[in-house]
Amino acid sequence: MTPEQLSDVVRSAVAAAVERGVLSVAVPDEVVIERPKNPEHGDYATNVALRLAKAAGRPPREVAEVLAGELRGVEGVSAVDVAGPGFLNVTLAKDALGQIAVRVVAAGEAYGCTEVLAGQRLNLEFVSANPTGPVHIGGTRWAAVGDALGRLLTASGAQVTREYYFNDAGAQIDRFALSLLAAAHGRPVPEDGYAGDYIAEIAAQVVAAEPGVLELPEAEQQERFRVLGVDLMFAEIKRTLADFGVVFDVYFSERTLHETGALEKAVARLREQGHVYEADGAVWLRTTTFGDDKDRVLVKGDGETTYFAADCAYYLDKRERGFDKVVIMLGADHHGYIGRYKALVAALGDDPDTNLEILIGQLVNLVRDGEPLRMSKRAGTVVLLEDLVAAVGADAARYALARASVDQQIDLDLDLWSRQTNDNPVFYVQYAHARISSLLRGAADLGLPLGEAGDVDTAALAHQREGDLLRALGEFPRVIASAAELRAPHRVARYLEELAGTYHRFYDSCRVLPRGDEEATPVTTARLWLCAATATVLRNGLAVLGVSAPERM
RNA sequence: GCGCCCGUAGCUCAGUGGAUAGAGCAGGUGCCUUCUAAGCACUUGGUCGCAGGUUCGAUCCCUGCCGGGCGCGCCA
């Protein structure tokens, strides 16, 4: 019996008590099932009596006693106790608990998938680094977290489009083009230009692709360097991200918004809504009406549109593509945008609390030899996605970035994460998977197949450590669902570390394969199913994080 | 000045209003002729920054304060 099934059982018990007139209360939609920390408190606990007590007009313990009476007859439930202020502690029958292993193996890759977000159409935008240079460490955090979140949302039933918005218009791109041009001519880096080896490399690639380019008039040269440079830089970004395991469904060009007239349309739309005014020669959006701390310029005094105006058009475009909710992941250095973005959504007549969600992630510091690596473009100590991958590998990089809460600044210790020892959490988890794989190979060598699900004696899983492992496996769907709802992929990583630990403890005290001349027993088979189930969950969890589950280490 | 995030064990950090606040590392003591010791067991270590409030119950929610990080352009 899984916690979800138990939740239904308890809810039915409430309904039954109401039906029989021994309890007078509205039956709750959902009953929360918890896993007690103290093993003496049974397999599962619920606070349902505490929650219903007030509405029922009776003391919590009394409500609990009523429900305990209903639950005691249920198949698969071996004991129900009322404890503390009114908790119901439920102990499952051994075979009912053991069935979790069978369910996990049967579900395979689908174990952990739920429908809690079914029907939601989400646009998930992350990374969105401009194609004026390689992806930095900050964007790398979003690549790891955003990709994991995308998988979580999908696993929870949402329709998700992963989107990368790139700025290929405006002054920043002009500076990029001018920097390439300067490099091609051997001139110094222009004012506010981009430095770095990659500029010279891309400039050389542009010249190689279009040999006559340096003979064109200056303005045309700049245009060619812009077009080809952006293409080359963006191809490089995509390649790096793909090596990191991150691929987007849509790469959205800001330039197209300018070219299709979407910007003018967006400004006109805002004007119709009555939130646009002109002052000091510029066109403004009155975002202060919707809680922003100052109004924002849409069209500058020189007639150019702002990046914010493009954001308006881009938001409208997403909504017109049918997304219910626009989710944008940004670094902490951009958190100031929340106010204006929310205001923009409100100004367009949408609900900023349901149609827009902005996730802010704190910054990443790298540490080497115990010393923080201060990043500085000037000093040439900018750390790139590829640097991180080169230092610790893609698995460790993704895991390290995804295991921390996004609200937490990370000090990522390159020494620790490149170490292949047990103080490196990703190896602890991967090792558990490799260990199971090895064991299952051993079982195959001994001619011990898993066999049919119906033939497994799940009641044979009676050891304390087996129960611990089964309960841990039963948590996985709820971990995935809550991590998706809370936009917190790190919960999956933490869960996996706990699961790996639970497995190692099981392994240490429960021999799986027969030794020497011993015969396989029903316990052997049941434990093999338990191992296979654990491997499945480790694989599924690591897959969410985009980390490999090695068969051998 | 205003806004966002953080403050939990020596260190790095989990903890979606519930029972005795957890993990890893570091320190100490043990466990490999036996399925991967990249493992396990035991052990040391806490005014959950401080002060109020909300309620059956607060590390969690609210208010104020103290520390640290990041922002506050007709830049993108």
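Nucleotide B:G71 holds its C1' atom 13 Å from the CG atom of A:Asp292, rounded to whole Å. Atom CD of A:Gln464 and atom P of B:A41 are 13 Å apart (whole Å). Atoms OH (A:Tyr503) and P (B:C40) sit 12 Å apart, rounded to a whole Å. Taking atom CG on A:Leu416 and atom C1' on B:G24, their separation rounds to 10 Å, with Å as the unit. Note: CD (A:Glu34) to C1' (B:U16) measures 11 Å, nearest angstrom. For the pair A:Glu278 CD and B:C74 C1', the interatomic distance rounds to 13 Å; values are reported in whole Å. Atom OH of A:Tyr431 is separated from atom C1' of B:A38 by 6 Å (rounded to the nearest Å). Summarising the geometry, the separation between CH2 on A:Trp417 and C1' on B:C25 is reported as 12 Å, rounded to the nearest angstrom.
At most 12 non-hydrogen atoms from other residues, nucleotides or ligands lie less than 6.0 angstrom from CD of A:Glu191.
When distances are taken from the side chain of A:Leu513 to each of B:G18, B:C35, B:U16, the shortest belongs to B:C35. Of the candidates B:C74, B:U36, B:C40, the closest approach to any side-chain atom of A:Val297 belongs to B:C74. Among the nucleotides B:U16, B:C35, B:G18, the one closest to the side chain of A:Leu439 is B:C35. The side chain of A:Asp333 lies closest to B:C70, out of B:C70, B:A41, B:G18. Closest to the side chain of A:Val512, from the set B:U36, B:C35, B:A19, is B:C35.
A gap of 12 Å separates the C1' atoms of B:C60 and B:U8, to the nearest Å. B:G18 sits 27 Å from B:A41 when the P atoms are compared, rounded to a whole Å. Separation of the P atoms belonging to B:G57 and B:C25 is 39 Å when rounded to the nearest angstrom. Using atom C1' as the reference point in both B:C72 and B:G22, the two lie 38 Å apart (nearest Å). B:C70 and B:U54 have their P atoms separated by 37 Å, with the value rounded to a whole Å. Nucleotides B:U59 and B:A51 have their C1' atoms positioned 16 Å apart, rounded to a whole Å. For the P atoms, the distance from B:U33 to B:U47 is 43 Å, rounded to whole Å. The C1' atoms of B:G17 and B:U12 are separated by 27 Å, rounded to the nearest whole Å.
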Show the numbers, then the answer: is there a side-chain contact (heavy atoms from CB on, under 4.5 Å) between A:Ile199 and A:Leu180? CA-CA 6 Å; A:Ile199 290 290; A:Leu180 292 176; 4.1 Å; yes
Let's go through A:Val426 and A:Arg398 carefully: what are the C-alpha distance in whole Å and the side-chain angles of both, what is the deciding distance for side-chain contact (heavy atoms from CB on, under 4.5 Å) to 0.1 Å, and is it a yes or a no? CA-CA 9 Å; A:Val426 69; A:Arg398 290 198 59 150; over 6 Å; no
Does A:Gln430 form a side chain to side chain donor-acceptor pair (under 3.5 Å) with A:Asp395? I'd like the steps, not just the answer. CA-CA 10 Å; A:Gln430 289 182 314; A:Asp395 276 351; 3.1 Å; yes
Would A:Asp468 and A:Thr502 count as a side chain to side chain donor-acceptor pair (under 3.5 Å) here? Give the steps. CA-CA 7 Å; A:Asp468 292 341; A:Thr502 306; over 6 Å; no
Would A:Ile360 and A:Val406 count as a side-chain contact (heavy atoms from CB on, under 4.5 Å) if you check the C-alpha gap in whole Å, the side-chain angles of each, and the deciding distance to 0.1 Å? CA-CA 7 Å; A:Ile360 297 299; A:Val406 292; over 6 Å; no
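Heavy atoms of A:Cys510 sit under 4.0 angstrom from at least one base atom. Among the protein residues, A:Glu551 comes within range of the nucleic acid bases, having at least one heavy atom under 4.0 Å from a base atom. Within 4.0 Å of A:Gly442, counting heavy atoms only, lies no atom of the nucleic acid at all. Residue A:Ser405 is classed as a sugar-phosphate contact, given heavy-atom separations below 4.0 Å to backbone atoms only. Within 4.0 Å (heavy atoms only), A:Ala309 reaches no atom of the nucleic acid at all. Heavy atoms of A:Asp280 sit under 4.0 angstrom from at least one base atom. Within 4.0 Å of A:Ala45, counting heavy atoms only, lies at least one base atom of the nucleic acid.
Along RNA chain B, the nucleotide nearest to A:Tyr307 and the one nearest to A:Arg403 differ in position, and the one closer to the 5' end is contacted by A:Arg403. Of the two residues near RNA chain B, A:His504 and A:Ala83, the one whose nearest nucleotide lies more 5' is A:Ala83.
For A:Phe506 and A:Tyr503, the distance between ring centers is under 6.0 angstrom.
In B:C32 the O4'-C1'-N dihedral to the base is within 90° of 0, which defines a syn nucleotide.
Partner of A:Phe234 under the ring-ring contact (aromatic ring centres under 6.0 Å, His included) criterion, chosen from A:Phe252, A:Phe176, A:Tyr251: A:Tyr251. Of the residues A:Thr46, A:Val63, A:Val31, the one that meets the side-chain contact (heavy atoms from CB on, under 4.5 Å) test with A:Leu88 is A:Thr46.
Looking at every heavy atom in both residues, A:Leu499 comes nearest to A:Leu473 through CD1-CD2, 3.9 Å.
For the pair A:Arg441 (side chain) and A:Glu551 (backbone), a donor-acceptor distance under 3.5 Å is present. Side-chain atoms of A:Asn47 do not come within 3.5 Å of backbone N or O of A:Leu50 as any donor-acceptor pair. Formation of a donor-acceptor pair under 3.5 Å by the A:Arg491 side chain with backbone atoms of A:Val479 is not found in this model.
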Any protein N or O atoms within reach of nucleotides 20-22 of chain B? Criterion: under 3.5 Å, listing atom names and distances.
from  : atom 1 : to      : atom 2 : distance (Å)
B:U20 : O4     : A:Asn38 : ND2    : 3.2

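Ring-base stacking between A:Phe87 and B:A19 is satisfied, the centre separation being under 5.5 Å and the plane angle under 30°.
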Under 4.0 Å protein heavy-atom contact, by nucleotide of nucleotides 1-6 of chain B - B base, S sugar-phosphate only: --BBSS
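Contact check for A:Arg58 versus A:Leu23: side-chain heavy atoms found under the 4.5 Å cut-off.
For the atom pair CD of A:Glu254 and OG of A:Ser128, the computed distance is 11.0 Å after rounding to the nearest 0.5 Å.
Checking the phosphate oxygens (OP1, OP2) of B:C40, a side-chain nitrogen or oxygen of A:Tyr428 falls inside 4.0 Å. At least one side-chain nitrogen or oxygen of A:Arg491 sits closer than 4.0 Å to the OP1 or OP2 atom of B:U16. Residue A:His490 places at least one side-chain N or O closer than 4.0 Å to OP1 or OP2 of B:G15. A close approach under 4.0 Å does not occur between any side-chain nitrogen or oxygen of A:Lys300 and OP1 or OP2 of B:G73.
For RNA chain B, each stem of at least three Watson-Crick or G-U pairs (distances under 3.5 Å) is given as range with range: B:1-7 with B:66-72, B:10-13 with B:22-25, B:27-31 with B:39-43, B:49-53 with B:61-65.
With hydrogens and angles ignored, a donor-acceptor pair closer than 3.5 Å exists between the side chain of A:Asn89 and the base of B:A19.
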